[in-house]
Participant: 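Sharing a structure here in structure tokens format.
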Amino acid sequence: MKSHNIVSLIRKKRDGERLSSDEIRYLIRQYSRDKMPDYQMSAFLMAAYLNGLDDHESASLTREMLHSGTVLDLSEVPGIKVDKHSTGGVGDKTSLILAPIVAACGVPVPMISGRGLGHSGGTLDKLESIPGFNVNLDLKRYVEVLKKHKLVLIGQTEEIAPADKRMYSLRDVTATVESIPLIAGSIMSKKLAEGIDALVLDVKFGSGAFMKTREDALKLAQRLVSIGEAFGKRTIAYLTSMDQPLGNRIGNWLEVYESIECLNGGGPEDLLEVTHLLAGTMIHLGGKAGSVQEGIACSKRAVRDGSAMQKLRDITTEQDGSTEYFDRPDDYPVALHHFDVTAEADGYIMEMDSYAIGMAGVELGAGRKSMEDAIDPVAGIILEKKIGDQVQRGETIARCFTNKERETDSVRQMLQDAVTVGSSRPDVPALITDTVTRDGVTPWS
Ligand code: URA
């Protein structure tokens, strides 16, 4: 690698010029070796935030962040390994449902997930609401479990993309998180390190999503797909709405409960639609279905014949979790305090501010404001109504569960403000709007 002057490279990006792969490699390697201080990396990140990075620069940045740590080699695991990543939202528990479905259909799913922060939940916190479930497997065991069950569910380890971890912490305190190329590099470096062959992305937009508009979500999806394909991984993204929470239950055990319902053949329609689409696409990319539609049929079959639910039992037992509540989910310990939020007028649910509902969940104890906060697995919200539903004055819109009694009044008000009731039936926002592949964007129909 050629030597460069770090200040000159920051200046170049500051002035809107394009950096070569070699220049980006130099910056990230110097930073990883502690030869570039945080203040210079912060300046580079701000320059990248303000002037952007093109597809080529993005791929180079991703490559260097990826190779700052271990890149898993899963060649000893037979089959095309496929994972899914969601950009996060409220009530989004699709990973818990689709991972066992896809594995039951014969496609290996090596899933490394994150924790929730702010309004947005995380798969690891949900899994940990299953008593004993161990998400902290080392990488050797990760490969063994994947080989045995075609499924493994773990958390980020220190070895995976360490440069991203440090850069993300800097972005958090330098107002440079909301940059499409930096987000794309951060997500893809971690996903590519898992050793996958293909990836399905659920890029969310709306009040409860990272990307507030469909346009921004589309730009992010295109960038993610372009990076995935540049690394030779088949990558398909869907744009889905977070203008209301997905499914009816928000909170860690509550979301496992709803996932079990789905795996047992029930569950809310919106959640099932997104889950089967993502699962069907994974099954198709994993070579077990000739098309996404065939993949969706496989996905539904794995629920009907019980093989997906059995897969969740097997992986839970393998990862030291107890399946005792899978058969009797209502016997799970309950929160000390329950209260309902009711409609103040007759009419229809017009809007649901997913962000505010997610933050109400945090106040109840279901999420964290900073990474050090503890999570309460039983806290959360059950939505009895969604957009378009008719309500009568006094009827329950949401049921809340918490161990923090003093939060009840403020959360009731937050939820009352988050839900708008109007007099005419609204159009329900489209749930899935676009498909993004290497061939372009197709509106969903
Ligand atoms: N999620 C990530 O992993 N990285 C980002 O930069 C944003 C969301």
Participant: Let me see the working for T87 and I187 under side-chain contact (heavy atoms from CB on, under 4.5 Å), right down to the final yes or no.
Facilitator: CA-CA 9 Å; T87 56; I187 291 174; 4.2 Å; yes
Participant: For E57, run the salt bridge (charged side-chain N to carboxylate O under 4.0 Å, His left out) check against R63, R25, K13, R18 and tell me which one passes.
Facilitator: K13
Participant: Is the closest basic N to carboxylate O distance between E395 and K385 below 4.0 Å?
Facilitator: yes
Participant: Salt bridge (Lys or Arg N to Asp or Glu O under 4.0 Å), that's the test. Do R234 and D197 meet it? Break it down for me.
Facilitator: CA-CA 7 Å; R234 280 305 313 281; D197 300 307; over 6 Å; no
Participant: Hydrogens and angles aside, do Y238 and T433 bring a side-chain donor and acceptor to less than 3.5 Å of each other?
Facilitator: no
Participant: Show me, pair by pair, the donor-acceptor contacts under 3.5 angstrom made by side chains of residues 437-445, not counting sequence neighbours?
Facilitator:
unit_1	atom_1	unit_2	atom_2	d
T437	OG1	D439	N	3.0

Participant: Taking atom types as modelled, is there a side-chain donor on S189 or D164 under 3.5 Å from an acceptor on the other?
Facilitator: no
Participant: Under a plain distance cut-off of 3.5 Å, with no hydrogens placed, do S370 and E372 share a side-chain donor-acceptor pair?
Facilitator: yes
Participant: Does E318 pair with R141 as a salt bridge, N-O distance under 4.0 Å?
Facilitator: yes
Participant: Indicate whether any N or O donor in one side chain lies under 3.5 Å from an N or O acceptor in the other, for S259 and K93.
Facilitator: no
Participant: Any chance you could lay out the side chain to side chain donor-acceptor pair (under 3.5 Å) test for T157 and E159, step after step, and finish with the verdict?
Facilitator: CA-CA 5 Å; T157 72; E159 298 102 311; 2.8 Å; yes
Participant: Does the side chain of N403 pick up a donor-acceptor pair with the side chain of D376 at under 3.5 Å?
Facilitator: yes
